[in-house]
2 protein chains.
Amino acid sequence: MEDWQSKIISIFNSKQKLSDAAVAALLKKWSHSVQLKRNDFLVSKGQIETNLYYVMSGSMRIFYPVKDEEICAGFAYDHNLICSYPSFIRQQPSDYAIQALTSTALKFIRRSDFYALFGDHHDVETAWRMLEEEALVGKIEREVEMLTFTPEERYKRLMDRSPHIFQIIPRKYIASYLRMSPETLSRIKLV
Amino acid sequence: MEDWQSKIISIFNSKQKLSDAAVAALLKKWSHSVQLKRNDFLVSKGQIETNLYYVMSGSMRIFYPVKDEEICAGFAYDHNLICSYPSFIRQQPSDYAIQALTSTALKFIRRSDFYALFGDHHDVETAWRMLEEEALVGKIEREVEMLTFTPEERYKRLMDRSPHIFQIIPRKYIASYLRMSPETLSRIKLV
DNA sequence: AAAAAAACTTGACGGGGATCAAGAAAATGT
DNA sequence: ACATTTTCTTGATCCCCGTCAAGTTTTTTT
């Protein structure tokens, strides 16, 4: 099994141990590749998400274009699963866009193939449910984070938790992710 | 079948049609009751959520106490499912509190009983997964709502979408839910 | 290695909405 | 029905942070 394949399986296994049959079926379908250059879009606003991606290498930002600005919802890098979840779930045009910040290599599985596995492999559905639950709880915790801390506290807490982000991601996107202007982030760092 | 029972089933059926056996098994376990008076807590901060509730009548607010204030995360009334999801999912102490705003009648199922159904009744798990997906997408959409609209726009959009809330819920909680001070909400209504 | 583009910094300014405060209105309970 | 508590309103003040602008540094491209 290749390294990226065991990484994908371990993401699922961390929630629910998959049977050998499920592992084989999942990997068989998780077989497509994309290669993006810097600034390429993986998903554009308005597009319907039909795939679930695994990031082999590189870095991406997830954001929603709104009026004349862009609000950063998150990032993805090595060994993350990524897609435009609302569009993936509802099969409606995506509000999110996902863009490569560096050249990025991805593997993906088609949504229809993925969902088709649920019938024969109950454990895949259970693991996926639990991964989605994690996403929901994460969203809720982040909401609290943004509401109860000052810009400076938000910066410090991200710095404590994920210092590597500051090496990979341009500050202006981090500022947007932390819900402040690039100028405010710049001034905070002076302190 | 009693009215509240068919309501619960229809919530699940809206996502995934349940088999007769699944319906029977689910309702058999969804058999406990609670009755709350105004201001009683269904869930307190720090408590671990072990139940999933259905609101028969009355109204509730979900909020997180933080520092010296309370931030309203949502409301629940007739025919809603409700629990402290992060605590229910992770079995960790709840950051949320849930409080009755009027006298409220609820039915509930124990988490352990609910999860136990998933083994024999795959369709219950699938319906539940889809309901959780709906919650996740809802959270994401609300985030956009809060970030891209002014206080006045947020008020008007809630007024358009859910005018009945203003008849049931005290304004100060609605203000908190809309992420503004009660004074700001009061001033907006003058316009 | 040089040119161009993108990202970051720093200063000046302004405004939207929070906070504080005090009075009015409404809801609750006995 | 009355007293008490809670909620809502309205005014005055203030400050945090966003915006605008101009210069600097870093990164990217060729």
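Here is the naming used below: chain letters follow the sequence lines, and residue numbers restart at 1 for every chain.
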Polar side chain donor-acceptor pair, B:Lys107 to B:Ser33, under 3.5 angstrom: yes
Protein-nucleotide distance (B:Arg61, atom CZ; D:dT6, atom C1'), rounded to Å: 13 Å
Distance-only donor-acceptor test (3.5 Å): side chain A:Arg187, base C:dG11: yes
Candidate nucleotides C:dC8, D:dC8, C:dA18, ranked by approach to the side chain of B:Met180 - the nearest: C:dA18
Donor/acceptor link under 3.5 angstrom from A:Arg179 side chain onto base of D:dG18: no
5'-most by nearest nucleotide on DNA chain C - B:Glu152 or B:Asn39: B:Glu152
D:dC8 OP1/OP2 closer than 4.0 Å to side-chain N/O of B:Lys172: no
Short side-chain donor-acceptor distance under 3.5 Å, B:Glu143 and A:Tyr64: yes
Whole-Å distance separating the OH atom of B:Tyr155 from the P atom of C:dG17: 16 Å
First encountered from the 5' end of DNA chain C, between B:Glu69 and B:Leu101: B:Glu69
Whole-Å gap separating P (D:dT7) and NZ (B:Lys189): 14 Å
Nucleotide of C:dT19, C:dA7, C:dG29 approaching B:Arg38 most closely (side-chain heavy atoms): C:dG29
Whole-Å distance separating the CG atom of B:Asp40 from the P atom of C:dT28: 15 Å
Nearest-angstrom distance from the residue atom CD1 of B:Ile169 to C1' of D:dT6: 16 Å
Interatomic distance, B:Arg171 CZ vs C:dA26 P [rounded to whole Å]: 11 Å
B:His121 and B:Leu18, any side-chain heavy atoms less than 4.5 Å apart: no
Nearest-nucleotide comparison on DNA chain D, the residue closer to the 5′ end among B:Thr184 and A:Arg154: B:Thr184
Rounded distance (Å) that lies between atom C1' of C:dC20 and atom CG of B:Asp68: 14 Å
Shortest side-chain distance from B:Glu183, nucleotide among C:dC8, C:dT10, C:dT19: C:dT19
Listed nucleotide nearest any side-chain atom of A:Pro170, set D:dC8, D:dG18, C:dA7: C:dA7
Check: A:Ser176/A:Glu70 side-chain N/O donor and acceptor closer than 3.5 Å: no
Greater than 12 external heavy atoms within 6.0 Å of A:Asn39's CG: yes
Separation of atom CG in B:Leu147 from atom C1' in C:dG16, rounded to whole Å: 16 Å
